[in-house]
Amino acid sequence: MSTLPLSRERPTVTDTFGRPLRSLRISVTDRCNLRCKYCMPEEEYTWLPRETILSFEEIAALADLFTELGVDKVRLTGGEPLLRKDLSVLMRMLRRNPRINDLALTTNGVLLAEQAQAFYDAGLHRVTVSLDTLKPERFKALTRRDCFRQVLEGIEAAARVGFKGLKFDTVAIRGYNDDELVDLIEYGKGFGGEVRFIEYMDVGGATDWSMDKVLSRAAMLKMLSQHYGPIEQVLEESSAPAQRFALPDGTTFGIIASTTTPFCATCDRSRLTADGMWFLCLYATEGTDLGQLLRAGASREEIKARILAGWQARRDRGAEQRKELERVGIRARLVEIERLRQDPRLEMHTRGG
Ligand code: SAM
Ligand code: SF4
Ligand code: SF4
């Protein structure tokens, strides 16, 4: 039996491995104003047709159904979510849903300075800014856009308007930014925030990926302890992907070791693309088209039944399977560029990271 009443309001729907349906990442657009090499290595993409992009009302309606099945954490992402006009309006709609007790945003920060106040006023709980380097020239080389200053201004604005506990997500790439781990931790500290280093993943879009560019958790910890001294793991019970560590002075940071130490066993996350395709795993190649169901006039109960059945049948353990390929020596990029051009939903920037 996979639907256990936790409380009267919140059921626990579990998948075939007993993992609960808790956390939903909603991509509000597949467009982006950067071209990070590890995510969008090309200049031009096959975009989702504009008419298929869900309205805020449609997104909120689907989010509602997910929360009736146990989701209580929602993260808005993209592409670059701040390219979606009036995003604070969607935040307000989602905040009206009492079942969502954690509403977060992941952004590249470029447009954050002008929108941070509106987001804070709309009730957004948490902001994560992706920040891979503190060197302007490196930023430009990695993202192929010259907006480093705007990102820093965005972070400063988020802190100024009152967002506490800012998080900074850094994709750590060997030979690219592995000399900046300490600087990034120190930068985060200045905002009372926490840096989370993400191992470079071989997701769709990362057509440049190779195992030798992955800076492993072990290598990061070694580098950091050489600088700071002994590092301790923070012991906590959590399904969050980041393992947290503390420096001798108490400063904490996280490592998301998706590539070398997958955490699929506790994964409670699924993803909704901007056109309403629901994916059960970051690596999934097939999804359920909830957007189309909604637009075809399916009832709330029908859509809920599809979500329930989908989660209950879930067997995804994408990162663990990728790891297994590595063990037998055949791990390589996930999808070739030609196939990505045919199916834009395979891209990391379409499914929100
Ligand atoms: N544009 C927003 C941003 O960059 O924050 C939100 C979407 S982006 C796809 C979400 C996250 O995915 C970012 O933190 C990004 O660094 C991460 N990401 C993208 N490609 C990745 C890869 N190949 N390996 C690890 N993380 C990746
Ligand atoms: Fe970079 Fe995010 Fe845009 Fe991907 S979606 S290119 S990670 S800013
Ligand atoms: Fe979850 Fe898939 Fe990532 Fe594993 S690879 S943690 S199952 S999203």
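For the numbers below, each heavy atom of this structure counts, side chains included, while hydrogens, waters and symmetry mates do not. Index from 1, following the sequence. All ligand and atom numbering here is 1-based and tracks the order in the structure.
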A quick test of your reading: do over 12 heavy atoms of other residues, nucleotides or ligands sit less than 6.0 Å from CZ of Arg306? no
Compute whether any side-chain donor of one residue and acceptor of the other, for Asn33 and Glu80, lie under 3.5 angstrom apart. no
Under 4.0 Å to a heavy atom of Phe263 - the qualifying atoms of ligand 3, by number: 6 (S)
Protein contact of atom 5 (S) of ligand 3 - nearest heavy atom, named by residue and atom, plus distance: Ala319 N, 3.0 Å
For Tyr176 and Tyr200, I'd like to know if the aromatic rings sit close, meaning centre-to-centre distance below 6.0 Å. no
Quick one: look up the protein heavy atom nearest atom 11 (C) of ligand 1 and list residue, atom name and how far away it is. Gly353 CA, 4.3 Å
Please check if the number of heavy atoms outside Glu51 that lie under 6.0 Å from its CD is greater than 12. yes
Ligand-residue contact atoms, ligand 2 with Gly79, heavy atoms, under 4.0 Å: 5 (S)
Under 3.5 Å between some N or O of ligand 1 and some N or O of Ser130? yes
Under a 3.5 Å threshold, yes or no: a donor from one side chain and an acceptor from the other, between Thr128 and Arg75? yes
So which heavy atom in the protein is nearest atom 2 (Fe) of ligand 3, and how far is it from that ligand atom? Cys281 SG, 2.2 Å
Mark up the atoms of ligand 3 that fall under 4.0 Å of a heavy atom belonging to Tyr283, in ascending order. 5 (S)
Please write down residue, atom name and distance for the protein heavy atom closest to atom 24 (N) of ligand 1. Met201 N, 3.0 Å
Is it true that, when you exclude Tyr120 itself, more than 12 heavy atoms of the residues, nucleotides or ligands shown sit nearer than 6.0 Å to its OH? no
For atom 20 (N) of ligand 1, find the nearest protein heavy atom and state the residue, atom name and distance (0.1 Å precision). Tyr38 CD1, 3.3 Å
Closer than 2.8 Å to atom 1 (Fe) of ligand 3, do we get an N, O or S atom from Cys264, backbone or side chain? no
Is ligand 1 under 4.0 Å from a heavy atom in the side chain of Val171, in the backbone, in both, or in neither? side chain
Enumerate, atom names and distances included, each donor-acceptor pair closer than 3.5 Å involving a side-chain atom of residues 222-230, sequence neighbours excluded.
| unit_1 | atom_1 | unit_2 | atom_2 | d |
| --- | --- | --- | --- | --- |
| Ser225 | OG | Leu221 | O | 2.9 |
| Ser225 | OG | Lys222 | O | 3.2 |
| Tyr228 | OH | Glu186 | OE2 | 2.6 |

Can you confirm whether the side chains of Asn97 and Thr67 place a donor and an acceptor under 3.5 Å from each other? yes
Going by the order shown, which atoms of ligand 3 are within less than 4.0 Å of some heavy atom of Asp316? 7 (S)
Per salt bridge (charged side-chain N to carboxylate O under 4.0 Å, His left out), Glu194 is matched among Arg244, Lys167, Lys164 by Arg244
Considering only non-hydrogen protein atoms, determine which one is nearest to atom 18 (N) of ligand 1 and report residue, atom name and distance to 0.1 Å. Met348 CE, 3.5 Å
Hey, does Thr106 come in under 3.5 Å of ligand 1, counting only N/O atoms on both sides? no
Do Arg217 and Phe245 have side-chain heavy atoms sitting under 4.5 Å apart? yes
At distances under 2.8 Å, what protein N, O or S atoms surround atom 1 (Fe) of ligand 2? Cys36 SG
Can you tell me which portion of Val203 lies within the under-4.0 Å heavy-atom range of ligand 1? Options are side chain, backbone, both, or neither. side chain
Looking at Arg35 and Glu42, is there a salt bridge between them, counting it only when a charged N and a carboxylate O are closer than 4.0 Å? no
Quiz item: cation-pi between Arg314 and Phe17, 6.0 Å / 45°: no
Taking N or O atoms only and a 3.5 Å limit, does Thr107 qualify as a polar contact for ligand 1? yes
So which of Gly78, Cys32, Gly79 gets nearest to atom 1 (N) of ligand 1, if we judge by its closest heavy atom? Gly79
Under 6.0 Å from the CD atom of Glu114, do we count more than 12 heavy atoms belonging to anything else shown? yes
Inter-residue atom distance Gln312.CD - Thr16.OG1, 0.5 Å rounding: 10.5 Å
Counting from 1 in the order shown, the ligand 1 atoms closer than 4.0 Å to a non-hydrogen atom of Thr77 are 6 (C), 7 (C)
Run the numbers for me: atoms of ligand 3, each under 4.0 Å from some heavy atom of Arg271, listed by number. 8 (S)
Any atoms of ligand 1 less than 4.0 Å from a non-hydrogen atom of Glu199? List them with their elements. 25 (C)
Which protein non-hydrogen atom lies closest to atom 10 (C) of ligand 1, naming both residue and atom, and how far is it? Gly352 O, 3.6 Å
Under 3.5 Å, is there a donor on one side chain and an acceptor on the other for Ser270 and Trp311? no
Result of checking Trp209, Tyr283, Tyr38 against Asp202 for side-chain hydrogen bond (donor to acceptor under 3.5 Å, both in side chains): Tyr283
Within the 3.5 Å criterion, strictly below it, is a donor on Ser258 or Glu199 matched to an acceptor on the partner's side chain? no
Show which atoms of ligand 3 fall inside a sub-4.0 Å distance from at least one heavy-atom site of Gly318. 2 (Fe), 5 (S)
Which residue and heavy atom of the protein sit nearest atom 8 (S) of ligand 3, plus the separation: Leu282 N, 3.3 Å
Provide, to 0.1 Å, the distance between atom 1 (Fe) of ligand 3 and the closest protein heavy atom, together with that atom's residue and name. Cys267 SG, 2.3 Å
Mind checking whether Glu80 has an N or O less than 3.5 Å away from an N or O of ligand 1? yes
Taken to the nearest 0.5 Å, the spacing of Ile173 CD1 from Lys213 NZ works out to 8.0 Å
